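What follows is a short report on a single structure.
Being a predicted model, the structure only gives us computed values, none of them experimental.
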Amino acid sequence: MSPAEDNAVRTSARNGWLLSLPALILLAFAASGPLLIVIWYSFLTANDTGNVIHEWSVEGWKGIFLTYDIFEERYALADAHLTIFWRSVWLSLTTTALTFAIGFPTAWFIATRPPQQRAMWLFLITIPFWTNLLIRTFAINEVIRNEGLLNTLLIWVGAIDTPLQINYTETAVLIGMTYVYLPLMVLPLYATIERFDMRLLEASYDLYASRWATLRRVILPIVKPGIIAGSILVFVPSLGAYVTPRILGGGKNMMIGNFIELQFLQGKNWPLGAALSVALLIIVMGALLVYVRVANRDRSQGHG
């Protein structure tokens, strides 16, 4: 490369950074700024009146796992906090598994339709996004409540005599989150399956592979990027879900998002709420790092 060409490349790169500077500044103040404030508050001290004292303390972080017993005057394991964390992770993982179990056949069905019909099926899948999350959650509530559509139908056909108590249980939260986040699993899977070479299925059957072997050794490895992307898109918002557990769980099946809101508004313990928020962010970042690592490994293996 000649000096003149090298100069032109450097000038172009510098101009690109200058053009991006306003967006980078906005990103720094709009994203990093609030995050740094939350991290700062997690290391402050809460007083008895609900205010925050600007004194350095790790009580907020300690409160995630430990609670102070005023009678025995010692710290004990915060079983309630750990239960909320476990419930959040378990429900998020189960939601991810259910959305995959439903979303994979759905995406396969859409991707194997004639090209002129696929747009209509995708349109039907994305219709729920046209309405507010709160409205969708109330709609599910109307379906599963004691006098709702599901129980009315089951009683009418004689399957049950008394209504099933689904509302205000973990099952209700699971049903609601599966319904809400299902399109986030279907769309990445569809995008991957659409590019799948169907001739590979014929080759697999010609080599006397069973349907299960074809699914396990041909289809799933090829559509793995879509599975990982869909799982991340479902797991991350499920972990921090607030509206769905609040309405369908009735406050009895609290998740991390509800617990954080409780500390900020009712508990008046902002350091603990901030520490919980940062802990949730760390869990989400861990999940994203796993995704990036797996995606990069698959990409390098594919190039190899």
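The same ILVMFWY cluster, assembled from side-chain heavy atoms under 4.5 Å apart, contains both Val234 and Leu91. In the hydrophobic clustering of ILVMFWY residues, with side-chain heavy atoms under 4.5 Å counting as a link, Ile110 and Leu182 come out together. Cluster membership check: Leu189 shares its hydrophobic cluster with Ile219, using side-chain heavy-atom separations under 4.5 Å among Ile, Leu, Val, Met, Phe, Trp and Tyr. Cluster annotation: Trp108 and Trp121 are assigned to distinct hydrophobic clusters (Ile/Leu/Val/Met/Phe/Trp/Tyr, side-chain heavy-atom contacts under 4.5 Å, transitive). A single hydrophobic cluster is seen to contain both Val89 and Ile282, as judged by linkage of ILVMFWY side chains at heavy-atom distances under 4.5 Å, directly or through other members.
Ser231 OG to Leu93 CG: the interatomic distance, rounded to the nearest 0.5 Å, is 9.5 Å. How far OG1 of Thr106 is from CG of Leu124: 11.5 Å, rounded to the nearest 0.5 Å. Considering CG of Leu220 and CD1 of Ile227, their distance stands at 5.0 Å, rounded to 0.5 Å. To the nearest 0.5 Å, atoms CD1 (Ile140) and CD1 (Ile144) are separated by 7.0 Å. To the nearest 0.5 Å, atoms CD1 (Ile64) and CG (Leu66) are separated by 10.0 Å. The CD atom of Glu170 sits 12.0 Å away from the CD1 atom of Ile175 when rounded to the nearest 0.5 Å.
Environment of CE in Met285: sparse, with no more than 12 heavy atoms of neighbouring residues, nucleotides or ligands closer than 6.0 Å. Surrounding CZ of Phe138 are at most 12 heavy atoms belonging to other residues, nucleotides or ligands under 6.0 Å away. Residue Arg217 qualifies as open at atom CZ: its count of foreign heavy atoms under 6.0 Å is 12 or below.
Considering only heavy atoms from C-beta on, Thr192 stays 4.5 Å or farther from Phe196 through its side chain. A 4.5 Å side-chain heavy-atom check between Phe104 and Leu215 finds at least one atom pair inside the cut-off. Leu44 places none of its side-chain heavy atoms less than 4.5 Å from the side chain of Ile53. Side-chain contact between Thr126 and Leu187 is present, with heavy atoms from C-beta onward closer than 4.5 Å. Side-chain contact between Leu134 and Ile247 is present, with heavy atoms from C-beta onward closer than 4.5 Å. For the pair Met198 and Thr112, the minimum side-chain heavy-atom distance is below 4.5 Å. Residues Glu142 and Leu149 fail the side-chain proximity criterion, which asks for heavy atoms closer than 4.5 Å. Put simply, the side chain of Phe100 does not reach to within 4.5 Å of the side chain of Thr96, judged on heavy atoms.
Within the cation-pi definition used here (under 6.0 Å to the ring centroid, within 45° of the axis), Arg87 does not qualify as a partner of Phe85.
At distances below 3.5 Å, at least one donor-acceptor pair connects side-chain atoms of Thr45 with backbone N or O atoms of Glu55. A distance-only check finds a donor-acceptor pair linking the side chain of Asn151 to the backbone of Arg145 [under 3.5 Å]. No donor-acceptor pair closer than 3.5 Å links the side chain of Arg113 to the backbone N or O of Arg118. No side-chain donor-acceptor contact under 3.5 Å links Ser238 to the backbone of Ser92. Remark: side-chain polar atoms of Ser88 are paired, donor with acceptor, to backbone N or O of Ile256 under 3.5 angstrom.
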*Can Lys62 and Glu59 be said to form a salt bridge (Lys or Arg N to Asp or Glu O under 4.0 Å), step by step?*
CA-CA 5 Å; Lys62 192 184 295 183; Glu59 289 299 317; 3.4 Å; yes
*Dump the intermediate steps for side chain to side chain donor-acceptor pair (under 3.5 Å) on Asn146 and Asn167, then the final yes or no.*
CA-CA 7 Å; Asn146 287 0; Asn167 239 0; over 6 Å; no
*Go through the steps for Ile155 and Asp161 under the test side-chain contact (heavy atoms from CB on, under 4.5 Å), then give the verdict.*
CA-CA 6 Å; Ile155 292 175; Asp161 297 323; over 6 Å; no
*For the pair Met177 and Met255, evaluate side-chain contact (heavy atoms from CB on, under 4.5 Å) and give the outcome as yes or no after the intermediate values.*
CA-CA 12 Å; Met177 292 202 304; Met255 292 181 64; 4.2 Å; yes
*Check the pair Thr137 / Asn141 against side-chain contact (heavy atoms from CB on, under 4.5 Å), numbers first and verdict last.*
CA-CA 6 Å; Thr137 305; Asn141 186 52; 5.9 Å; no
*Might you work through the side-chain contact (heavy atoms from CB on, under 4.5 Å) test for Glu261 and Arg246, ending with a clear yes or no?*
CA-CA 11 Å; Glu261 181 263 349; Arg246 180 68 178 269; 3.8 Å; yes
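Of all heavy-atom pairs between Pro128 and Ile125, the closest is CD-O, 3.2 Å. The minimum heavy-atom distance between Ile260 and Ser277, with the atom names listed, is CG2-OG, 3.4 Å. What you find for Phe129 and Pro183 is that their closest heavy atoms are CE1-CB, 3.3 Å. The two atoms that bring Leu184 and Leu233 nearest to each other are CD1-O, 3.5 Å, heavy atoms only. Taking both residues in full, the closest heavy atoms of Ile232 and Pro237 are given as O-CD, 4.1 Å, listed atom of the first, atom of the second, then distance. Heavy-atom minimum distance, Leu174 versus Thr178: O-OG1, 2.7 Å.
Scored by the side chain to side chain donor-acceptor pair (under 3.5 Å) test, Tyr190 finds Glu194 as partners (sequence neighbours excluded).
Looking at Leu276, Val278, Leu281 one by one, the single match for side chain to side chain contact (heavy atoms under 4.5 Å, CB included) with Val38 turns out to be Val278. The one candidate from Phe259, Trp61, Phe65 that meets the ring-ring contact (aromatic ring centres under 6.0 Å, His included) condition with His81 is Phe259.
Side chain to side chain, Ser204 and Thr214 meet the donor-acceptor criterion of an N or O pair below 3.5 Å.
The aromatic rings of Trp270 and Tyr41 sit tilted relative to each other, their planes meeting at an angle between 30° and 60°.
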